Every structure is written in C-alpha cells, then in structure tokens.
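In this text the structure is predicted, and so the values were computed from the model without any measurement.
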Amino acid sequence: MSSATATPQTHAIGCGHCEDDAPAATGSGMRGWVTALAAALVVFAGALGFFAVYPVWVNGLFVAAALVGSVFPAQRAWQSLRRGSLDINALMVIAVIGAVAIGEFEEAAMVVSLFAAAQWLEAQSLDRARQAIGRLLGSAPVDVLIRDDAGERRVAIEAVTLGALMIVRPGEKLALDGIVQSGRSDVNQAPITGESLPVEKAEGDEVFAGTINGHGAIAVVVTRRRADTTLARIVHLVETAQAQRPPVQQFIDRFAAWYTPAVVILAALVATLPAIVAAQPFDQWLYRALVLLVVACPCALVISTPVSVVSALAGAASHGVLVKGGAHLERLAGVRVVAFDKTGTLTTGTFSLDSVIPLAATLPADLVRLAASVESQSEHPIAAAIVAQALAAGSPLATPEAVRALPGLGVEGVVAGSAIVCGTPRLFEERGWLTPAVAETAAGVAASGLSPVLVARDGVAIGVLGLRDRPKSNAARIVAELRQHEGTHIAMITGDHDTPARAMASELRVDSVKSQQLPQDKVAAIQSLRREFGPVAMVGDGVNDAPALATADVGIAMGVMGSAVALEAADIALMTDDLSKLRYAIRLSRATLANIRVNVALSIVMKVAFLALAIFGVATLWMAVLADTGASALVVANAVRLRRFR
Ligand code: ADP
Ligand code: MG
C-alpha cells in the first residue's frame, strides 16, 4: 500500500504492508523484483536440498533468501522503531533472526519470502483500487488547440488564458471547462457524471474538462484554469476523501495502539515462562513464540476498512456520486429520514408562467414586464420563467437598479423610478401589503396548484402570477423505493406556498411536508425531524439550501456539475440531478458498512483461531504467514466487489 496519492495513515498498528511509506513507483516495482528473487532462492535451495546435490550449499542459500526477503521489512521495522512503535515488520525481523538462531534456516527463508509476497500482493490491489479513480476520470489532454488572430496553434494547457478560444474536434477529449461559442455537438459526460447518454451542446452551453466530444466540432471559450476545472476539483475531493478516516477506522487504530506491545509481551512470556516454570525445552517454546509473533500481524484487520472505503468511493465516483470521505458514507448508511427540497430537487425546476392576474387596473403585459425586469437579475428558477414569458411577448425589459434577493421570499429592485417587489404572500403580509382581496387572489392561484408570486409597485399589489413546476419523471418512484426498501421517512421542506406544496407532496406520496420555510426555518425543520425519527439526510440544490445541508447529518447536493460552491458545500455531491443516484448512494453506503463488518469479523476470527493454534504449538511459521496472507487476500477480494456495486 504504497500509493503516491493521499493514503490513510496507519501508525499505531502496523502491518508493514498496510502502511504507506515510499512513493509507489519505487515501492511496488522494486518490491516485486526483490520478492521474486527471494522466492527464486527459496525454490532453488529447496531443489538442491531435495536432490541432495550440494547439501552444504542449501542452508547458505536459505539464509541468502532470508536476507534478501528481509530488506524491505527491515527498512520499515527501523522506520517504525524510530517513530517509537513496534510494527509487524519488527515482529517479522525478530522472528527471522530467531529462526536463524535456532537453526531453522528453511523456515526463516519461507516465512520472509511469503511475507514479502503478501506485502507485494496487497500493495498491488490497493494501488489498483486507487488507480481506478484516476483512470475513470481520465487525464485531460496536455495541450489545447487555440484559435486567435494569429490563427490556430497548439498551446500547453498551463499557458491557456481565461477567455481564450479552444477548438475541440470530433472525438477529442476536452482539456478545460468552458462555454460553447459556436458549433454543435453531442458530448459524452460519463467521466464526470456517470451518465452514459451523450448530452447535446450548442452555443451558450457549459462544457467540462475530461468529457469527450462527439460528432461535431465546437469552439469553446475557456472559463476555468486547469487547477480550477470541475474535473480537477473532483480529483482533489476524492483524494482528500480517501485520506479521511471513518469512525470504524478510528476504533481499529485505538485497538492497535495497545495490541502490538501486548503481543510482544505475550510472545516473550511464551518463550521464557515454560522453560523457567515447568522446565520445558526452551527451543520448542521459542519457536512457538516466534509463530505467535508472525500470526499476530493484524494485517487483514488493518486493511479491512480502508480497502472497502476506497473501493466504494471509486465505485461511487464512476456513477457521478462524490462522497467526501468514509465518515459521510458511514453516516449515510444510518440515515432514517431523507428530507428533500422541492424546487429543482423533487421537481424539474423549470417553471412555466401559467396564470397572470393583474390587479389595480394594471395591464397584464405591464405586470409581466415589470416583474421580469427585476427578475432578470435573480438566480431563482421562477425568475427564468417570468423573464422568458416577457421576452416571448416581445416586451423590452428595463434595467433594474438596487436589486436585492430576499432568500426564500422573493426579490426587490427599482424599475424606472418605482420600487418593484416580487414574492410570496408571506413577504407581502410582513410588509403589510396583503389586503384581503390580494390574499384571496393568491389563494385562488395556489388552489389551482400553482405557486403564487405577488407583484407590488411602490407598496401596492399590482398582480399575482401563477407558476407551475413539474415533478421529475422518476420522483414518485424514487420516493416510494426509498420508503419501501431503505426504510426512511420522506420529508419535503420547501419555501413554496402551502397549497401547491401539499399538492406536490400528495402527488409524490411524501410522508410529511413543511411549506413556506425560510432558509433558517429549514434548519429548525431538520432538527425536529432528527429528534422525531433519527439521523437526517438533506437533499437540496446546494446553494440556497446551504444552512440546511450543513445542519443535516448528511448534506447531499444535486446537479453540482460546474458549480464550485455547491461542490464544496455538501458532504455528498451528485453530479447530475438524477434522483436515482440518491438511492444508489444510500444503498452503496449500506453495502459498504456491511462489507466492512464482514471484513473486520473475518480478520478477527482468523486471527484468534491462529493465535490459539500457535500457542498450542499446532501452527508452523509458514502456515501462520500463509493464513495472514489468505485473510488479507479475502478482505481485499471482498472489498473490491464494492467497485462494481450498482
Ligand atoms: P424552495 O425551498 O422550494 O427551493 P426557495 O426557498 O428558493 O424555494 O423559495 C421559496 C419561495 O420564495 C418560492 O416558492 C417563491 O415563491 C419565492 N421566491 C424566491 N425567490 C423568488 C424570486 N426571485 N421571484 C419570485 N419569488 C421568489
Ligand atoms: Mg431550491
């Protein structure tokens, strides 16, 4: 396990091979050759001994094999001693010296070459799990075709400036994030989103580094430097995630802190006590003590958690699900409530303006135009629908001044000298503008399942707009599956008006609904859900739900591709806004926890069994090493299955 990327540190315990040290390049490669040499010497010596050709040479060759095989363990044992801890490498070196001292040359050679083989095997499999992430994200190209006044030329990726025009030919991989300036193509975004269907891209669409251009050539204006691309952020997040230790791992570390010294003391007692107290043959008990030392290596236990977590994170990343560490995975597995934001999470977030009701002798076109002018500065999905409607009707929009977003309530600004406010009935009530007539109109709009947006000019309501949002096509199915198969309570927490919220809740068969929630109310809602049902996962669009995401036990942001803020804010980020990835994430988290439990149980049972055998003198040194290698291999094989979990 000597990977170059962020590696979980294992200090207290230490199976040598479970510990990170030298960079991977020299680590695995060199170790492979040294291991092969030690094994070859063992085989050669064995053959010589068998045919009894040069019996005097045999022991010399075994000692040589033991020496060669000890190079890496001795090096690591020394490192661990300097850190003031005793690790398995130290145990192994003591065992080899002891075996040679009592004349068990063959055993010494066997033990150490098997041990070296085990180390090599484990390093290989862990490296491979890590590389899976790198491979899946692919590496973006190193140079870029740039077009400027001087024509087209290839430029090193580092030298590309923001705003440069990047030409991407059909079939090429994109090197940087940007916005399509001209051309049209289908782009395979699977490396980032896990979504196998290509996405249509045309002028104005965002494209991402690491994705693969389809059939058209596109010209792209570069919007992010190499280190800031979505791809770079994902790679960075996954790497830091791997370095994070889940609580299970912390438990194992604490256990390890006293385990290794305890084993050394026990071995010393096994070697000396029988000879002193019961006048037993010293050689025989020394051998048992050595076996005990070797058996005691809790390698499988030490790798049981990290190898599962790394596999799960790699698998998740290939589905476009970024989990920012094993701890979040572990918490997600224990979630009892899934709380959804409504707009953009359960619904598509693409509103249509279905009803326009002017009040106070306002013309419908004026009402829409004034609202749209202020909304043109708003990020809210509702704003886009109002603006689109005004533009479609051919109304020229005025440039608003002093625009201010009122999170969860609406937006206000000044248009041609008049103060225009668009927002919820709650906002109008707070400001004292909600006359009975206005309230009744809004209630009527809400009763028909639309979200009412009230519009005021200089403190007087001039109309009510009704906007419709549709549930995502798989929302009802996912909600049902989560309740039925994952046993979670499903809550909806929304800033929308009560009536349309309830209508949506009953359409999707959500268990409980809280409406007209301001961002801070959503925090309180999560806390009360937690008190009632247990740990809560909050699913939102990441930006305006940030406080709720942070409060929940697990914050899950959806559709974060390209949004740096959302990518940073959540514990788990779903690259696309596909709700089925949410269920996948929960199932994966539970499978991972089960996988870790199996691994821990497996390693402990194997360990205890062989410790007992060693103390009663049944196990030989090489059996002990074989058992440990076997347990480690089983743990690795079990964990690797998580990468293919779907
Ligand atoms: P949700 O919780 O459903 O995602 P928000 O918290 O973003 O909703 O907003 C809550 C409510 O506030 C919306 O349903 C809408 O009525 C109102 N609102 C928010 N922003 C705007 C806006 N820019 N224009 C009009 N209404 C808005
Ligand atoms: Mg929202």
Side-chain angles (χ1 to χ4, degrees), residues 186-190 192-200 315-323 332-333 335-352 381-382 384-385 449 451 467-494 496 500-513 515 536-542 545 548-549 552 554-563 566 570-591 644-646:
D186 50 316
V187 173
N188 177 354
Q189 306 199 123
I192 293 184
T193 61
E195 207 60 68
S196 52
L197 284 182
V199 182
E200 284 296 325
S318 73
H319 283 82
V321 176
L322 282 195
V323 185
L332 183 62
V335 151
R336 299 262 68 104
V337 183
V338 180
F340 288 95
D341 166 53
K342 179 173 78 79
T343 312
T345 303
L346 284 173
T347 68
T348 60
T350 2
F351 285 86
S352 56
I382 281 183
S451 306
L467 289 106
R468 186 187 303 279
D469 190 7
R470 281 166 194 80
K472 286 181 183 163
S473 59
N474 62 357
R477 178 169 61 82
I478 300 293
V479 164
E481 286 177 358
L482 284 177
R483 179 189 304 111
Q484 202 181 338
H485 300 296
E486 314 311 328
T488 51
H489 174 90
I490 311 289
M492 186 170 104
I493 308 178
T494 176
D496 201 355
R502 285 198 183 281
M504 185 66 72
S506 71
E507 180 176 348
L508 298 178
R509 299 189 178 282
V510 163
D511 297 321
S512 68
V513 52
S515 55
V536 182
M538 167 78 197
V539 192
D541 47 21
D545 293 317
L549 290 175
V554 187
I556 305 176
M558 298 199 83
V560 302
M561 185 157 61
S563 157
D571 300 323
I572 296 180
L574 312 182
M575 301 312 291
T576 59
D577 53 14
D578 177 1
L579 282 167
S580 69
K581 302 288 193 209
L582 174 67
R583 171 139 194 252
Y584 162 82
I586 294 178
R587 288 178 54 242
L588 175 71
S589 73
R590 296 191 169 163
R644 289 187 298 275
F645 184 84
R646 41 178 48 253

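Interatomic distance, CZ of Arg502 versus CE of Met492, reported as 9.0 Å (0.5 Å rounding). We find the CZ-OG1 distance between Arg583 and Thr488 to be 9.5 Å, quoted to the nearest 0.5 Å. Taking CD of Glu195 as the start and CG of Asp578 as the end, the distance is 5.5 Å to the nearest 0.5 Å. Taken to the nearest 0.5 Å, the CD atom of Glu481 stands 10.5 Å off from the CD1 atom of Ile490. Taking CG from Leu332 and CD1 from Ile572, the interatomic distance works out to 4.5 Å, rounded to the nearest 0.5 Å. Between the CG atom of Asp577 and the OG1 atom of Thr347 there is a distance of 10.0 Å, given to the nearest 0.5 Å.
Under the 3.5 Å distance criterion, the side-chain polar atoms of Arg590 are matched with a main-chain donor or acceptor of Glu486. Judged by distance alone, with hydrogens and angles left aside, the side-chain atoms of Arg646 form no donor-acceptor pair with the main-chain N or O of Tyr584 at under 3.5 Å. Formation of a donor-acceptor pair under 3.5 Å by the Asp511 side chain with backbone atoms of Ala491 is not found in this model. In terms of modelled atom types and a separation under 3.5 Å, the side chain of Asp469 and the main chain of Phe351 share no donor-acceptor contact. Of the possible donor and acceptor atoms, none in the side chain of Lys342 sits under 3.5 Å from a partner among the backbone N and O of Met504.
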Worked verdict on Phe340 versus Leu508 for side-chain contact (heavy atoms from CB on, under 4.5 Å): CA-CA 12 Å; Phe340 288 95; Leu508 298 178; over 6 Å; no
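In this structure, Glu507 and Pro471 approach most closely via the heavy-atom pair OE2-CG, 3.5 Å. Closest approach of Ala501 to Ser515, counting heavy atoms only: CB-CB, 3.8 Å.
Screening Asp541, Val539, Asp341, Thr576 for a side chain to side chain contact (heavy atoms under 4.5 Å, CB included) involving Met558 leaves a single residue, Val539.
The side-chain heavy atoms of Leu346 and Val479, taken from C-beta on, include a pair separated by under 4.5 Å. The closest side-chain heavy-atom distance from Leu588 to Val321 is not below 4.5 Å. Residues Thr350 and Pro381 have side chains not in contact (no heavy-atom distance under 4.5 Å, counting atoms from C-beta outward).
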